[in-house]
There are 2 protein chains.
Amino acid sequence: MDSLSRWRRFKESLCDCPGLGVSVDYSRMLFPPEFFETMGPKIERAFHEMKALEAGAIANPDENRMVGHYWLRSPERAPTAELRRTIEKALRDVKKFARDVHAGRVRPPRSKRFENVLIIGIGGSALGPQFVSRALRTAKDKMRAFFFDNTDPDGIDAVLGQLAQAGGLARTLAVAISKSGATKETRNGMLEAEAAWTRAKLSFPRHAVAVTGDGSELDRHSTVQGWLARFPMWDWVGGRTSELAAVGLLPAALQGVDVDGMLLGARYMDEATRVADARRNPAAVLALMWHHAGGGRGLKDMVVLPYKDRLELFSRYLQQLVMESLGKERDLAGNRVEQGIAVYGNKGSTDQHAYVQQLRDGVNNFFVTFLEVLRDRQGRSLAVEPGVTAGDYLSGFLQGTRRALADKGRESITVTVDHLDAMTIGKLIALYERAVGFYASLAGINAYHQPGVEAGKKAAGVVIELQKKVVAHLRTHRGAAFTSEELAEAIGESAETETVHWVLRHLAANPDHRVKKRPGKSPFSTTYSVA
Amino acid sequence: MDSLSRWRRFKESLCDCPGLGVSVDYSRMLFPPEFFETMGPKIERAFHEMKALEAGAIANPDENRMVGHYWLRSPERAPTAELRRTIEKALRDVKKFARDVHAGRVRPPRSKRFENVLIIGIGGSALGPQFVSRALRTAKDKMRAFFFDNTDPDGIDAVLGQLAQAGGLARTLAVAISKSGATKETRNGMLEAEAAWTRAKLSFPRHAVAVTGDGSELDRHSTVQGWLARFPMWDWVGGRTSELAAVGLLPAALQGVDVDGMLLGARYMDEATRVADARRNPAAVLALMWHHAGGGRGLKDMVVLPYKDRLELFSRYLQQLVMESLGKERDLAGNRVEQGIAVYGNKGSTDQHAYVQQLRDGVNNFFVTFLEVLRDRQGRSLAVEPGVTAGDYLSGFLQGTRRALADKGRESITVTVDHLDAMTIGKLIALYERAVGFYASLAGINAYHQPGVEAGKKAAGVVIELQKKVVAHLRTHRGAAFTSEELAEAIGESAETETVHWVLRHLAANPDHRVKKRPGKSPFSTTYSVA
């Protein structure tokens, strides 16, 4: 393409919403001239479906649920006055609680003020809070955020070590977040936290709040124990779209983030992406470009490269939002489609030094989304060369990489924002939420359920039950040594010999169950016993 | 597959090296029965090529270089006595310097001891140090590590803010790492660091050391300024395989990591992966399974899921090691092959809550590598249920996910290590270094060059030069306002109108060049001027 056509194409393919401060350049996507026309009926249907969803239709038919995350920033759009009041009250409660904590009106028994917040959650209850915390943290934050986002004992110990150095548990507020209240990782994290507070001779309930659904296991537990507060989750907000519910707002407000700004940004983006004109609607543009890139079947990975260190967790957040929403076996008609779009990336220009070699020269199984933030930093910059700043280089590397990829026929989108603040974060969240919704309509799938995640949890439950049988058998046959095969047979689980083997291997590496191993000539003749 | 065949297949497909403490299970890869036989000649050739490489052959023909990272942990294998001495001396120097810093013999002018280390590097000069620092950090570390790994001014300011809270620059040792000494991001980071130390009225040279090649720009700069020390880089060690050279050893040793343990682990793994029997060689097994999964053409992404928080940067490290090594346009015969394997992943079970939905149900464009660490934590664990620990759950989730994926025909490898320490990290690094080398032989490509990365840097340079012209023109025509098109024409760069537009947009968002914008009806009628 000659330079003049490139410039013309750029001008035609820039979705710039006046006043929004966000633009989407899709000139480097090689869609055919008739693409928007061809896709017209499909994107029209997507607009209609989105409108119905926003009005309270059952948009998640498998679970018979409304999908209401758009109401969180426009409560007046909620389908009933009661829902509206519920949303508004939750926001008021979150902000009041944060103010009370900051002012020391809600305070820990043995310290003047809560200085740290330990967020205990996983998936939709951690990725959003982590993304926002990292994106907006400053030296002047009201509280410093820490996370238990797994059931890794060593990881938990490491965070407890950091908290000890940051003033200790006496100054730490724990926020346990679980919609169902039954997520095992979060339950385990909460129990490990309780134990740590107890070891420090501190009352955990006086340091803890919950964000969870009405009547959940966590709701009951926190009520019985008399925790400081409980904030709601609702069945019409999915975990991966809950950043602007209490799940995300409470941690953000505690850190000192302008949550009203986040909500307002999302509201503005919602307005801009309700426009029923695909080329003028940035979320529609994204969805259509994803569809073009991957042939509507996810044939290309989405590589997300924000040129801004603060945004390095955006791709993790998007991994859930995009992959869990779109990675579906069946379409709404029940056909087997195996949909999805793989997402990865960290930040530019850092990632250029990791894998732009492959992006430019290697397997062409991706499209890039560059994320550009025009403002470099607070204040002025040093000249690293006469008339050039480090930020000029950052901008130059983004542009250079975009061009180097285009020269080799590699496609890219660039999302440009003016600067990074709470409002911008709200806009980005809303932009991608709606793009995912539109894409699901284009692909004819349900973006709001996750039927595939139960199997792994169930299989894990089987492992835990089998472990109990293994340990029980070794204990009732103290001193006797078994190979994996012998033990599986002895407990009547020969069909699960492999699992028994893995369980024994793990048990013997840890002191808790007193299982010892005696290595054999091969891993399969190794024997296990309890002394 | 019934359970008995599953167990038989597991036993047949476990590559367990006695005494190594690392095993590779590939029973869930659906390779055909004749696969190892079919691949026999190819893997034999890979063994031969690796042997020649280790003996000092020119294994990087494009750059006419030896590839010597295996000598770093077995200096006696270096092809000349001089190289051997060079390697041994560098290691001694690194360890001595770290001891001197820890003991306060090398100390900052205004503090008793260096407490922090700020590593300034990018790509191969940051990803390894970051991975190792995160994997092995403890509350008892000798020094705390921070990183400038980009040319993002705001990111630099954020790290400076953290350093201020961690005792300040007076207690911080800066380590600038750049093999060529000319990497712009690192150069900019170094200049920003110099400026910060100077603002704090501290001598930067008295707080700085360099790791760079003989005679490089950075070498000259640090020598002229009289920095505390300089450690070598060699042209026969590639950036992405330099973790066990001074690049990685110096930051690790300063943090307090057992670098001898790292080297010994790598040495052990090297020995185990020199075995010329594919099924008994864990690196050969990995390379062959990657080849099987992606049809030898990278058709499947590699999803890396360590079930251990400490390993969450392993996939970033592997992104460079794998993608930059294997993402090549041409094979050694010059045919256009567009090779590569995309790598992504963070950690389990956390990532299960982000995208196992897609892995299990959605587009089947990947294979998983589970990384299992048998030992859960230091010391004993709490029972989160009678007889069950948080670590038992972590193990259960890994096993459950592996099974749930296999039930849907999704392939996985599991790498199991006994526990996590410096030696294990050395083993993992060496395992993947050699697997990448073997895979490159199987695919017939040069794993040791990166011809595709220059284009983006060059294009960035063009942008920077254009920016200078833009600013100069606006300054010589003070007060005059130009649209992008007008300005591009005025400076005789109409062919680069798009770049001029992007440059102006960025300039106007920052105060440094005094460029102001006056918004027009569209982004293209916006005008820019210097007052």
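In what follows, every chain begins at residue 1, and chains take the letters A, B, ... in the order their sequences are listed.
- By the 4.5 Å heavy-atom criterion applied to side chains, A:V453 and B:Q352 are not counted as neighbours.
- Of the listed residues B:V343, B:D361, B:N365, the one with more heavy-atom pairs under 4.5 angstrom with chain A than any other is B:D361.
- Chain B forms the most heavy-atom pairs under 4.5 Å with one residue out of A:G294, A:P18, A:S315, A:G348, and that residue is A:G348.
- Across A:L14, A:V463, A:D154, the residue that shares the most heavy-atom pairs under 4.5 angstrom with chain B is A:D154.
- Other residues, nucleotides and ligands place more than 12 heavy atoms under 6.0 Å from the CZ atom of B:R380.
- Top candidate by heavy-atom pairs under 4.5 Å with chain B, chosen from A:A495, A:G362, A:G400, is A:G362.
- Both the backbone and the side chain of B:Y393 come within less than 4.5 Å of a heavy atom in chain A.
- When each of A:A126, A:S395, A:A383, A:A508 is checked for heavy-atom pairs under 4.5 Å with chain B, A:S395 comes out on top.
- Salt-bridge annotation for B:D152 and A:K347: absent, with no side-chain N of the basic residue lying under 4.0 Å from a carboxylate O of the acidic one.
- Ring-plane geometry between A:F10 and B:W502 is classed as tilted, the angle between the planes lying from 30 to 60 degrees on a 0 to 90 degree scale.
- Counting heavy atoms of neighbouring residues, nucleotides and ligands inside a 6.0 Å radius, atom NZ of A:K408 exceeds 12 of them.
- Look at A:E498 and B:R9 and you find no salt bridge, because none of the NZ, NE, NH1 or NH2 atoms lies under 4.0 Å from a carboxylate O.
- With respect to chain B, the highest number of heavy-atom pairs below 4.5 Å among A:D16, A:I122, A:I156 belongs to A:I122.
- Within the 4.5 angstrom heavy-atom criterion, only side-chain atoms of B:Q162, from C-beta onward, approach chain A.
- Counting heavy-atom pairs closer than 4.5 Å to chain B, the top residue among A:A404, A:S125, A:A488, A:G340 is A:G340.
- Using a 4.0 Å cut-off between a side-chain N of Lys or Arg and a carboxylate O of Asp or Glu, A:R316 and B:E312 qualify as a salt bridge.
- Heavy atoms of B:Q319 lying under 4.5 Å from chain A belong to its backbone as well as its side chain.
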